[in-house]
Amino acid sequence: MLAEIFSTLFDVIVPLSLPVIAGALLSRFGKLEIKPLLNFALYYITPFLIFDTLMEARLSREDVYLTLAYSLLNLILLAVAANILGKLLKLPANDIAGLTLISSFTNAVNYGIPLTLLAFGQLGLEKASVYIVMQMVMMHTLGIFFAARSHFTIKNAFKSVFALPAIYAVLLAMVLRTFDFTLPSGLSTGVSMIAEAYPPIVLAVLGAQMASVKTESITRNTRITFWSGMGMRLLIAPLIALLCLNLLDIEGIMFSTLLVLSCMPVAINAGILAEKFDASPKVLTKTILWTTLLSFFVLPVLIVLVK
């Protein structure tokens, strides 16, 4: 087993770490601008990747329904667990909001997509595609609600979701697949070519984001939130994911991909929401940094166990 772990480390994590390190170095010494690259990935490459994946995905209706059910059940249980823990620890409202964001949303897009491709191949990404899309949608709806209930409006949530081109890529792919339409070969090749640019670019952006994370010292009052968040993401979240997968009787490669994606580091977009709505942003930035660094050692073990 130890040999398999080292093999996975070199076959999966090392290739992922190279663009991450490059992005971090460029951000540190080359004055790499993160925002334009992030917008480039979010508004240009991501929609093509999702569209291409959904068009090619070998998914049955049962696969889609099971993934949707898992996404919602897992999110609800994580949010409930975070709120119960926060109240037991008598945390203030903004720290409970931050703990909920840490627990509920993973970096399933920027980090999860290339990891899934390397660890489980194209079939793994196809099986995980609905979950990845759901994470994007829930981040921009329920994520806003978790971060700031007092600021939350359904109108703003829908506006934030439908401002993402990826949603239209999903809708277009669903319509084309429903009526058994296919793209002409030239268009299909062009879409695939753009989609293939996704992993190195978003991983470099991830590295740049990690390098830019500020690690100011936190007060004694928020330190407990930080350690609670680390415990939720690293220990409780995998257990809840296993519970949901077994309750829904999900097996095979879908079980493996969904479990790994559910154990990813804290979503960077959760930190953006925390900053915007004052949901314990210092704690979020620290958990994003540390869960991402620890994932380079934890995920190879998990991948070996579920394969």
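The structure displayed is predicted, hence computed values, not measured ones.
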Treating [X] as the side-chain partner and [Y] as the backbone partner, does any N or O pair qualify as donor plus acceptor under 3.5 Å?
| X | Y | result |
| --- | --- | --- |
| Ser256 | Val306 | yes |
| Asn74 | Tyr70 | no |
| Thr100 | Phe146 | no |
| Thr106 | Leu261 | yes |
| Ser27 | Ala24 | no |
| Thr285 | Lys282 | yes |
| Thr257 | Met254 | yes |
| Ser188 | Ser185 | no |

What is the distance from atom [atom1] of [X] to atom [atom2] of [Y], rounded to the nearest 0.5 Å?
| X | Y | atom1 | atom2 | result |
| --- | --- | --- | --- | --- |
| Phe255 | Ile250 | CZ | CD1 | 9.0 Å |
| Leu258 | Thr67 | CG | OG1 | 5.5 Å |
| Ile236 | Leu243 | CD1 | CG | 12.0 Å |
| Ile13 | Leu115 | CD1 | CG | 5.5 Å |
| Leu125 | Thr53 | CG | OG1 | 4.5 Å |
| Thr46 | Phe40 | OG1 | CZ | 10.0 Å |

[X] vs [Y] side-chain heavy atoms within contact, under 4.5 Å:
| X | Y | result |
| --- | --- | --- |
| Ile76 | Val80 | yes |
| Leu77 | Cys244 | yes |
| Phe181 | Val175 | no |
| Val283 | Ile102 | yes |
| Ser295 | Tyr111 | yes |
| Leu54 | Met174 | no |
| Ile50 | Val133 | yes |
| Pro300 | Val12 | no |

Co-membership, hydrophobic cluster, residues [X] and [Y], 4.5 Å side-chain:
| X | Y | answer |
| --- | --- | --- |
| Met55 | Leu187 | yes |
| Tyr131 | Tyr65 | no |
| Leu118 | Leu18 | no |
| Leu293 | Val266 | yes |
| Ile84 | Leu75 | no |

Return the orientation label for the Tyr44 and Phe48 ring planes: parallel under 30°, perpendicular over 60°, tilted otherwise.
perpendicular
Does CZ in Arg177 sit with more than 12 non-hydrogen atoms of other residues, nucleotides or ligands closer than 6.0 Å?
yes
Pair Phe51, Leu183 - check side chain to side chain contact (heavy atoms under 4.5 Å, CB included), show working.
CA-CA 11 Å; Phe51 178 80; Leu183 293 179; 3.4 Å; yes
Report the C-alpha separation of Ser280 and Asn94 in whole Å, then their side-chain angles, then the decisive distance to 0.1 Å, and conclude whether the side chain to side chain donor-acceptor pair (under 3.5 Å) test is met.
CA-CA 6 Å; Ser280 201; Asn94 65 321; 5.2 Å; no
Quick check: closest heavy atoms across [X] and [Y], and the distance to 0.1 Å?
| X | Y | value |
| --- | --- | --- |
| Val130 | Leu68 | CG1-CD2, 3.9 Å |
| Glu126 | Glu56 | OE2-O, 3.5 Å |
| Gln135 | Phe105 | OE1-CA, 3.9 Å |
| Pro15 | Pro19 | O-CD, 3.0 Å |
| Ser104 | Leu78 | CA-CD1, 4.1 Å |
| Ala69 | Leu248 | C-CD1, 3.9 Å |

Taking it one step at a time, do Leu72 and Met134 satisfy side chain to side chain contact (heavy atoms under 4.5 Å, CB included)?
CA-CA 9 Å; Leu72 292 171; Met134 281 295 292; 4.1 Å; yes
Please report the C-alpha distance between Val202 and Ile113 in whole Å, then the side-chain angles of each, then the deciding distance to 0.1 Å, and finally whether the side chain to side chain contact (heavy atoms under 4.5 Å, CB included) criterion is met.
CA-CA 10 Å; Val202 297; Ile113 289 175; over 6 Å; no
Does a side chain donor of either Asp52 or Ser192 reach within less than 3.5 Å of an acceptor in the other side chain?
yes
